[in-house]
Amino acid sequence: MDRRIITIDGPAGAGKTTVSKALARELGCVYVDTGALYRAVAFEIRCQHINWEDSAQLERFLACLDLDFVMEGREPVLTSSGRDISAYIRTHEISMLASATSAVPQVRKALLGIQKSIARERDAVFEGRDMGTAVFPDASYKFFLAADVNVRARRRFEESNASGISFEKILEDMVKRDSDDTRRAVSPLKQAPDAVLIDATALDVFQVVEKMKRIINGVQTRFSDQI
Ligand code: DC
């Protein structure tokens with residue numbers, strides 16, 4: 001049976017996570033955060049002191065990597081060697097390392113299987129950077145969520161207020177991360193030609209999800225409204 005796969009790609013801080021979770025809930029399918037996989041790789045590289053620029057060492061590390069999504073209700077929780085690591089992968093340092101290591105083709109290849117295996121088993125909303133382009137080119141519906149970089153950095157700043165990192169630093173790093181994610185040679189962040197672009201700069205989560213639902217339910221075609 002063909003699964004219903006919905007992809008939501010876009011840059012950091014555009015609201016993909018909140019929107020993807022809300023959409024998955026509304027549609028009654030699972031939500032998969034593929035950024036968490038790249039963060040998990042970065043976290044393990046950091047913990048195990050791996051020199052990821054050494055290709056042989058990286059290969060050995062990836063061969064032993066044991067990442068899995070364990071279902072907790074509708075939300076798969078990411079585990080590494082059976083341990084829930086979600087509490088450790090959202091730091092600023094891991095964000096930057098994940099962006100750097102996600103550009104390495106070996107890393108991307110190692111994470112492909114786990115993403116595809118979830119899609120074989122369940123209808124799902126997949127959030128990431130290359131969902132609609134590289135991982136699920138035949139997805140049922142594809143969206144690309146964009147927003148002004150200043151608005152995105154402001155959201156991240158408000159989320160991470162306790163960390164003590166300034167707005168200027170978050171903005172600077174976000175511009176760098178956007179540039180690295182967009183310019184890397186393998187699976188760069190880019191809108192799939194058949195993805196619907198939604199600019200969320202002036203929209204709230206509810207409005208974005210409503211637009212997506214109208215398209216999925218066939219009430220609105222991708223060209224019937226300047227989204
Ligand atoms: O969505 P996020 O900020 O949690 O993602 C962390 C990093 O992982 C991001 O800088 C780019 C990378 N990533 C990727 O290359 N491909 C994906 N499908 C998801 C994330």
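In each ligand, atom 1 is the first atom listed, and ligand 1 is the first ligand listed. Side chains are part of it too, since the values below use all heavy atoms of this structure and drop only hydrogens, waters and symmetry mates.
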Hey, is E158 close enough to R155 for a salt bridge, meaning N to O under 4.0 Å? no

Hey, does R108 come in under 3.5 Å of ligand 1, counting only N/O atoms on both sides? yes

Closest protein heavy atom to atom 20 (C) of ligand 1, given as residue, atom name and distance to 0.1 Å: G35 CA, 3.5 Å

Lys/Arg N to Asp/Glu carboxylate O, R108 vs D130, below 4.0 Å: yes

Ligand 1 contacted by M131 (non-hydrogen, < 4.0 Å): yes

Check the pair S80 / D66 against side-chain contact (heavy atoms from CB on, under 4.5 Å), numbers first and verdict last. CA-CA 6 Å; S80 179; D66 176 19; 5.9 Å; no

Ligand 1 versus R184, non-hydrogen atoms closer than 4.0 Å: side chain, backbone, both, neither? side chain

Provide, to 0.1 Å, the distance between atom 12 (C) of ligand 1 and the closest protein heavy atom, together with that atom's residue and name. S102 OG, 3.6 Å

So if I apply the side chain to side chain contact (heavy atoms under 4.5 Å, CB included) rule between F69 and each of V77, D33, L78, V30, which one comes out positive? L78

Ligand 1 and R177, any nitrogen or oxygen pair closer than 3.5 angstrom? yes

Can you find an N or O of R39 that's nearer than 3.5 Å to an N or O of ligand 1? yes

What atoms in ligand 1 come closer than 4.0 Å to a heavy atom of D130? 16 (N), 17 (C), 18 (N)

Do the side chains of Q115 and V32 get nearer than 4.5 Å, heavy atoms only? no

Any nitrogen or oxygen of R129, side chain or backbone, less than 3.5 Å from one on ligand 1? yes

Residue, atom name and distance, where the atom is the protein heavy atom closest to atom 8 (O) of ligand 1: Y38 CB, 3.4 Å

For G128, the atoms of ligand 1 under 4.0 Å from one of its heavy atoms are 18 (N), 19 (C)

For K169, is there an ion pair with D173 - N to carboxylate O distance below 4.0 angstrom? yes

For atom 19 (C) of ligand 1, tell me which residue out of D33, D181, T34, T101 has the closest non-hydrogen atom. T34

Lys/Arg N to Asp/Glu carboxylate O, D178 vs R152, below 4.0 Å: yes

Between V135 and K116, what is the shortest heavy-atom contact and its length? O-NZ, 2.7 Å

